[in-house]
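Structure first, then comments.
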Amino acid sequence: MSTTIIGFPRLGEFRELKFTTEKYFRKEITADELLAAAKDLRAKHWNIVKEKGITEIPSNDFSHYDNFLDAAFLFNVVPASVQNLDLTELEQYFALARGYQGEKGDVRALPMKKWFNTNYHYIVPKFEKATEVKLAGHKIFDEYQEAKELGINTRPVVVGPFTFLQLSDFEDGVKAEDFVDSFVAAYQEVFAKLTELGATRIQLDEPALVKDLTADEKALFLNLYNKLLADKKGLEVLIQTYFGDVRDVYNDLVNLPVDGIGLDFVEGKKTLELVKGGFPADKTLYAGIVNGKNIWRNNYEKSLEILDEVPAENVVLTTSCSLLHVPFTTANEDFEPAILNHFAFAVEKLEELRDLDAIRNGQGAEALAANKELFATERVGENAELRARIAGLTEADYTRLPAFAEREAIQKDAFKLPLLPTTTIGSFPQTKEVRSKRLAFRKHELSQEDYDAFLAQEIDEWIKWQEEVGFDVLVHGEFERNDMVEYFGQNLSGYLFSKNGWVQSYGMRGVKPPIIWGDVTRLNPITVKWSSYAQSRTDKPVKGMLTGPVTILNWSFPREDISIKDSTLQIALAIKDEVLDLEAAGVKIIQIDEAALREKLPLRRSDWYEDYLDWAIPAFRLVHSTVAPDTQIHTHMCYSEFTDIIPAIDNLDADVISFEASRSNLEILDELKAKNFQTEVGPGVYDIHSPRVPKDGEIDHTIEAILAKVPSSKVWINPDCGLKTRGIKETKESLIKLVAAAKAARENL
């Protein structure tokens, strides 16, 4: 037996890559200095994995922004308009990742979507009629050679051709089948080059195989791989899957002339059943037995029971998915041992793989005994009062009255907003000064009085600015908040917080998910102080800003000892109490963000409702079901594919929903129209994840496109998402254009 991982975190133990890359963006260091720092980081990571005893080590799992974008550059799926600009390859890469605006041109960033059921976002390439798929990049070869110079013969990793085609966009008149032969030739050229360099094995990531597949999609997969595997150029090929099971193609997969197949035994409901039905003796099973998405210790006894039922002769132990989705190491945390012993971050998961391998080989008795003792100890008790409150909920607790149409009329009369009301999603730029003041307060270097005075000043300035620009519904800016989930978790029982538990979300952006340790209840009002203060400073309505229960759950590391449904209901009751307190304080528009609603949606449609939507949607309704008819409930969703769950989203029974839409070219609007969507909507009119300021007329054109598909009485005008990560200058320039465009469209109407 041996051990491996699918991928390793790349931001660095202390987010070194983030800070170095941001220096490059600010032109404080050169491209060569950025590349050198990244090379040092890769070497550090490879050596850590090696020192922990992992026997097969991957390479090319590192990325400067996104692995999918890396693959697009490797295979020349890059718009000709960008290739023709006088930019270096690295500049082109970052232009497509985050946009570019300068003397050499104007590039809008490619769309960004959630990576399956995670909080990681990938960049979506687009195949055009002019796209010529061919081997064009060199990163995969460079990084293989780097590791080899360190004495490590790695297994290079790249997105597989089926998943690449399944998750990409296509220009009208272009389809995936058009690129089969050119992809096969390009991948085989990669195989040949790696063989020449001394590689013996390649990992092709094919997570798209765990989704529901149509007959045409199965045919595309088999067509690709029958041609590709006809000549492996001397390499052993591992097809690696994760995030579920491959029930639709298992028999086809095991009959392909591949050398290894990676299967997920954590999220794959039917994986063990499939393997027990037969696994070929001439192939190696890469068994994903250590959870790559959560931070709890592996229960060795349960894992060993699963492995004992696996009939495969050749087994490599691995993680269920890339360790990209967990923090770096627990070594940098200061939890007391009784708590810390329950956690395993990326480095500790390497140790778990080594332990399981040792135990399977008749060694590791001490590790097994310690693990048994850990799981034999009761970790937390339960809150009987909370459990009783949940048990007592009835259907009426999930139903808001009166119905939407009647509320809509009441709210239009109450607020008297103009057509196409303007607002933002909630946060304004978190400047260096804001962050430093918050840190000083946390370190007790700044008094509560002085900190409150600073926050009040920030709020006053931005309220005044919003009034001057002409926004219709204002926000207070969220300057007191470090993170939209952690801020709430700090005011809830049952939560723990790491010091360095950063996880990559998109590009160089990391989030630090809190840990749900026990039962969750609200300790005290969370947002009332600053929301009511902001409302007192203006006659215009100010939105109260909350994070919804499903998003709080999905952007936390959830418990594994109770269901995520039960955890979500606990959080929903806590946020419900906050909603009622905001309403009582005079805040009449309340936004309850569910940015991550889709994140834990099962990848297979057959599991959508019973396993998720049947309780996730009611959990949101529970939060706002008892507010008054003239209290307007907003929610916000971003960077996910929502088009196929539009009826469920409408069933949230919010009054207004804002969507990310600009990067996806307003695709969601067609589905809203087709499904007769009732809720008022605010499709984002410009992309805030790019420093690029919309050109003159750009937002006007976007609003025209929205009004062509959605009745004007239903439309709000807002950016894609919160503005916390943006600079003040670009934010103000963009928002001034937004309000001006809304006013112009309003006059035309």
Side-chain angles (χ1 to χ4, degrees), residues 404-426 466 469-475 540-543 588-595 630 632-639 642-643 646-647 649-688 694 697-723 734-749:
F404 172 77
E406 187 176 342
R407 297 197 313 267
E408 187 177 34
I410 291 170
Q411 291 165 16
K412 285 187 183 297
D413 182 62
F415 294 112
K416 295 182 171 54
L417 297 171
L419 272 177
L420 311 181
T422 53
T423 189
T424 63
I425 301 304
Q466 290 172 85
V469 173
F471 275 95
D472 301 303
V473 175
L474 315 186
V475 298
K540 288 191 172 185
V542 177
K543 285 191 291 188
K588 299 298 287 181
I589 299 182
I590 302 172
Q591 182 171 307
I592 309 166
D593 288 340
E594 285 293 14
D630 61 348
Q632 190 173 73
I633 299 297
H634 290 226
T635 190
H636 171 68
M637 299 176 184
C638 59
Y639 294 109
F642 292 114
T643 55
I646 289 300
I649 293 172
D650 215 5
N651 198 29
L652 290 168
D653 202 22
D655 299 306
V656 181
I657 296 182
S658 54
F659 291 99
E660 177 278 321
S662 67
R663 269 201 177 191
S664 54
N665 298 316
L666 304 175
E667 292 170 358
I668 196 169
L669 299 182
D670 292 323
E671 196 65 21
L672 296 180
K673 185 176 180 179
K675 293 292 192 297
N676 193 29
F677 196 71
Q678 295 302 302
T679 314
E680 295 183 16
V681 296
V685 297
Y686 80 92
D687 174 24
I688 70 89
E698 196 172 297
I699 295 178
D700 304 74
H701 177 74
T702 300
I703 293 174
E704 287 176 16
I706 293 169
L707 293 176
K709 297 179 179 180
V710 182
S712 59
S713 61
K714 294 279 190 181
V715 174
W716 287 64
I717 306 299
N718 48 256
D720 264 348
C721 204
L723 297 156
S734 299
L735 292 181
I736 288 169
K737 289 186 174 186
L738 179 150
V739 172
K743 287 180 177 178
R746 195 179 293 155
E747 289 172 7
N748 290 336
L749 289 170

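This is a predicted model, so every value here is computed, not measured. Side chains included, hydrogens not; waters and symmetry mates left out as well; all remaining heavy atoms used.
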**Request:** May I have the step-by-step check of side chain to side chain contact (heavy atoms under 4.5 Å, CB included) for Tyr686 and Leu738, ending in yes or no?
**Result:** CA-CA 8 Å; Tyr686 80 92; Leu738 179 150; 4.0 Å; yes

Nearest-0.5 Å distance, [atom1] of residue [X] to [atom2] of residue [Y]:
X      : Y      : atom1 : atom2 : result
Ser658 : Asn718 : OG    : CG    : 5.0 Å
Gln678 : Ile657 : CD    : CD1   : 11.5 Å
Asp687 : Ser734 : CG    : OG    : 10.0 Å
Ile590 : Ile633 : CD1   : CD1   : 5.0 Å
Phe415 : Ile410 : CZ    : CD1   : 11.0 Å

**Test side chain to side chain contact (heavy atoms under 4.5 Å, CB included) applied to Leu652 and Thr679, step by step** = CA-CA 9 Å; Leu652 290 168; Thr679 314; over 6 Å; no

**Request:** Using salt bridge (charged side-chain N to carboxylate O under 4.0 Å, His left out) as the criterion, list what pairs up with Asp700, not counting sequence neighbours.
**Result:**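 Partners of Asp700 by the salt bridge (charged side-chain N to carboxylate O under 4.0 Å, His left out) criterion come out as none, since no residue qualifies.
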
**Request:** Just jot down the salt bridge (charged side-chain N to carboxylate O under 4.0 Å, His left out) partners of Glu698, sequence neighbours excluded, or say none.
**Result:**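 For Glu698 the salt bridge (charged side-chain N to carboxylate O under 4.0 Å, His left out) partners, ignoring immediate neighbours, are Arg108, Arg692.
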
Least distance between heavy atoms, [X] atom then [Y] atom:
X      : Y      : answer
Ala745 : Ile703 : CB-CG2, 3.7 Å
Thr635 : Ala654 : CG2-CB, 4.2 Å
Thr424 : Gln591 : O-OE1, 4.5 Å

**Message:** With side chain to side chain contact (heavy atoms under 4.5 Å, CB included) as the criterion, how do His636 and Cys721 come out once you've worked through the C-alpha distance, each side chain's angles and the decisive distance to 0.1 Å?
**Reply:** CA-CA 8 Å; His636 171 68; Cys721 204; 3.7 Å; yes

Checking the side chain of [X] only, and the main-chain atoms of [Y] only, is there a donor and an acceptor separated by less than 3.5 Å?
X      : Y      : value
Lys588 : Pro541 : no
Asp630 : Ala414 : no
Lys737 : Ile699 : no
Gln632 : Val656 : no

**Request:** Compare all side-chain heavy atoms of Ile688 with those of Ile425 and state whether any distance is below 4.5 angstrom.
**Result:**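 Side-chain contact under 4.5 Å: no.
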
**Message:** What I'd like to find out is whether the side chain of Ile589 reaches to under 4.5 Å of the side chain of Gln411, using heavy atoms alone.
**Reply:**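 They are not in side-chain contact.
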
**Request:** Return each pair, listed once, that meets salt bridge (charged side-chain N to carboxylate O under 4.0 Å, His left out) where at least one residue sits in residues 409-420; pairs must be two or more places apart or across chains.
**Result:**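 Residue pairs passing salt bridge (charged side-chain N to carboxylate O under 4.0 Å, His left out), neighbours aside: Lys412-Glu680, Asp413-Lys416.
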
**Item:** Non-neighbouring partners of His634 that pass ring pair (Phe, Tyr, Trp, His ring centres under 6.0 Å), sequence neighbours left out
**Value:**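 Expected list: Trp716.
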
**Item:** Leu735 and Val469: CA distance, side-chain angles, deciding distance, side chain to side chain contact (heavy atoms under 4.5 Å, CB included) verdict
**Value:** CA-CA 8 Å; Leu735 292 181; Val469 173; 5.6 Å; no

**Item:** Listed partners of Thr423 passing side-chain hydrogen bond (donor to acceptor under 3.5 Å, both in side chains), at least two apart
**Value:**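 Applying side-chain hydrogen bond (donor to acceptor under 3.5 Å, both in side chains) to Thr423 gives Lys543.
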
**Request:** Kindly write out the residues that satisfy side-chain hydrogen bond (donor to acceptor under 3.5 Å, both in side chains) with Thr422, not counting sequence neighbours, or none if the list is empty.
**Result:**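 Applying side-chain hydrogen bond (donor to acceptor under 3.5 Å, both in side chains) to Thr422 gives Asp472.
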
